[in-house]
Amino acid sequence: MADHNFFNSTIAEREKLFMQLYKKAFPAVAKYVSKMGGTFDEAKDVFQDALIIYYEKLVNASVALYANEQAYLFGIAKHLWAKKFREKVQHAPLDIEQDNFMDDAGLQPSSAKLLNYLETAGQKCMEILKAFYYDNLQVNKIAELFGYSGVHSATVQKYKCMEKVRETIKQKSLAYEDFVE
């Protein structure tokens, strides 16, 4: 956008430039916001704010790009997300309503629901996680039991299994309430 003669372009050309910039830069911003615990809608909001800031800087001729537009927009979006995240944390309520606390106290984790999500990681992963978390076996015993070359290999495999389960939960946007009866 900065490379083009932005001010002499038509509205249609400017719109096309914005769409190209959106297609090039938004996926990285969406991935970052998601990685940092944000939603897709929050990523869109942050990116649109970043686009507005970039546009205002172009109009005021106060932007000097040392890299590229995508990197510049990503940097703006990253700072906007950090600011939004700090505000979100500062405004989080600290008091817990007594009624809600008491309602949750009666809920028990559902073994069937939990096993269903553990099964998505595969049989071997389920066995490794069971050995570690339910049977309380040491990692060296797990390595020996499952035929891994050492403790490090078993630890890495356990980590990969947990990541598979976490990814499934994240993809399905599950919360604690989805695992209780």
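Computed from a prediction, not measured in an experiment: that's the story for all the values here.
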Mind checking whether [X] and [Y] have side chains closer than 4.5 Å, heavy atoms only?
{"X": "L17", "Y": "Q20", "answer": "yes"}
{"X": "Y148", "Y": "I128", "answer": "yes"}
{"X": "L137", "Y": "F132", "answer": "no"}
{"X": "Y133", "Y": "K158", "answer": "yes"}
{"X": "I142", "Y": "T155", "answer": "no"}
{"X": "W81", "Y": "V29", "answer": "no"}
{"X": "C125", "Y": "Q157", "answer": "yes"}
{"X": "K84", "Y": "D45", "answer": "yes"}

Under 4.5 Å between side-chain heavy atoms, counting indirect links through other Ile/Leu/Val/Met/Phe/Trp/Tyr residues: same cluster for L145 and M162 or not? yes
Take atom CD in E163; do more than 12 heavy atoms of anything else shown fall under 6.0 Å from it? yes
Taking atom CD of E15 as the centre, report whether more than 12 heavy atoms of other residues, nucleotides or ligands fall under 6.0 Å from it. no
When rounded to the nearest 0.5 angstrom, what is the spacing between CG in L129 and SG in C161? 5.0 Å
Gap between atom NZ of K83 and atom CG of D49 - 0.5 Å precision: 9.5 Å
With sequence neighbours excluded, residues passing ring-ring contact (aromatic ring centres under 6.0 Å, His included) with F26: Y22, F40, F47
Could you list the residues that satisfy ring-ring contact (aromatic ring centres under 6.0 Å, His included) with Y159, not counting sequence neighbours? none
With a 3.5 Å distance limit and no angle check, can you tell me whether E167 reaches the backbone of K164 through a side-chain donor-acceptor pair? no
Is there a donor-acceptor pair closer than 3.5 Å between any side-chain N or O of S34 and the backbone N or O of A30? no
Kindly indicate, with the supporting measurements, whether the criterion side chain to side chain contact (heavy atoms under 4.5 Å, CB included) is fulfilled by F146 and E127. CA-CA 9 Å; F146 289 93; E127 290 172 3; 3.8 Å; yes
